[in-house]
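Structure first, commentary second.
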Amino acid sequence: MSNAAEIALTQTVLSRLGECGDPRLKTVMTSLITHLHDFVRDVRLTDQEWMQAIQFLTEVGKTCTPQRQEFILLSDTLGISTLVLEVNHPSVEGSLEATVLGPFYVEGVAERPLGADLTDGMEGEPTFYSGRVSDTEGRPIAEAVLDIWSSDGIGAYDVQRAGPFVSAGRAKIKTDADGRYWFRSIKPADYPVPTDGPAGALLRLLGREANRPGHLHLIVSAPNHEEVVTQLFVADSVYLNRDAVFGAKDALAGRFARHAPGVAPTGEMMTQPFYTVEFDMRLRRSA
Ligand code: BEZ
Ligand code: FE
């Protein structure tokens, strides 16, 4: 096929979209087909490579279960999830930045009182989290809801444990009248994204790391304000600037200060070293 014939084929495929009654679908598919055809021409994709790609995507599909979404993991590790987020929720200076949800969110966890201990028997160094939720003018937001989840101190989530699900490190916490929140949990460890499937195999073939910097997940919401899906990252993690899923941001990095055994901010006596981290969050008003 000459170059002119290749271009003509692309035009023929695009022309068949003329009858599509959904204008948005037509726009998306026109762009997708154009880019995919350009890609095939650009790399001069071989028969064998095309079949490998088909087999790879088939494996990705076969790896998906109700508990595991390998396509999302692939999207995460190719930076597409973060790009979609940036397109739809661009960072605005002075307000809390969003990042990827990840695969370990569990809906409907119970609310716990301010100051609750979310450790739930998880391994890890005790950490006292606190901060203030306000609007972009700095006015406190009372009763903002923080929906929190994290791995333990060795990088495993409760949902990854064998056996029946036992919730750990999760809660909804509401801010007080001054917009303040505080709770106890552990310092989350760096951990690798699941690498036992085709997305992990691709990372290895590309010579890429699988690790994410330690982080605590949060969905922050309040009436009349934009909800933000985000994470608080351990600022001194070596992976902060090389997150396998491109979700870590400097604006979301918190300084985990280490303390010798002694009195914790909650007044309790700690017999082992502990950490404190303060993280303020500003929410934008919704339109
Ligand atoms: C996580 O934050 O836990 C996560 C995010 C994306 C892919 C895998 C894990
Ligand atoms: Fe995570």
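Ligands are counted one by one from 1 in listed order, and the atoms in each one are counted from 1 as well. Keep in mind it's a predicted model, so treat the numbers as computed, not measured.
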Q: Decide if the gap between the ring center of Tyr239 and the ring center of Phe233 is smaller than 6.0 angstrom.
A: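 Between Phe233 and Tyr239, which both carry aromatic rings, the centre distance is not below 6.0 Å.
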
Would you mind writing out the side-chain donor-acceptor pairs for residues 181-188 within the sub-3.5 Å range, not counting sequence neighbours?
unit_1 : atom_1 : unit_2 : atom_2 : d
Tyr181 : OH     : Ser130 : O      : 3.2
Tyr181 : OH     : Phe279 : O      : 2.7
Arg184 : NH1    : Glu268 : OE1    : 2.9

Is [Y] paired with [X] through a side-chain N to carboxylate O contact shorter than 4.0 Å?
X	Y	value
Asp196	Arg68	yes
Arg44	Glu6	yes
Asp176	Arg180	no

Q.
Less than 3.5 Å apart, any donor N or O on the side chain of Arg208 or Thr77 sitting next to an acceptor on the other?
A.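 Side-chain D/A pair, Arg208 to Thr77: absent.
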
Q. Judged by modelled atom types alone, do Ser91 and Glu97 share a side-chain donor-acceptor pair under 3.5 Å?
A.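 A pair is found: one side chain offers a donor N or O, the other an acceptor, under 3.5 Å apart.
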
Q) the Fe ion (ligand 2): which protein N, O or S atoms are under 2.8 Å away? A)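 Atoms qualifying: Tyr157 OH, Tyr191 OH, His215 NE2, His217 NE2.
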
Q.
My understanding is that only residues two or more places apart in sequence, or in another chain, count here; which of them pass ring pair (Phe, Tyr, Trp, His ring centres under 6.0 Å) with His259?
A.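 Testing His259 for ring pair (Phe, Tyr, Trp, His ring centres under 6.0 Å), a comparison that skips the adjacent residues, returns Phe274.
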
Filter the ligand 1-protein atom pairs down to N or O on both sides and distance under 3.5 Å, then list them.
unit_1   : atom_1 : unit_2 : atom_2 : d
ligand 1 : 2 (O)  : Tyr191 : OH     : 3.1
ligand 1 : 2 (O)  : Arg212 : NH1    : 2.6
ligand 1 : 2 (O)  : His215 : NE2    : 3.2
ligand 1 : 2 (O)  : His217 : NE2    : 3.1
ligand 1 : 3 (O)  : Tyr157 : OH     : 3.4
ligand 1 : 3 (O)  : Tyr191 : OH     : 2.2

Q: Report the relative orientation of the aromatic rings in His215 and Tyr157; use parallel for angles under 30°, tilted for 30 to 60°, perpendicular for over 60°.
A: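 His215 vs Tyr157 ring planes: tilted.
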
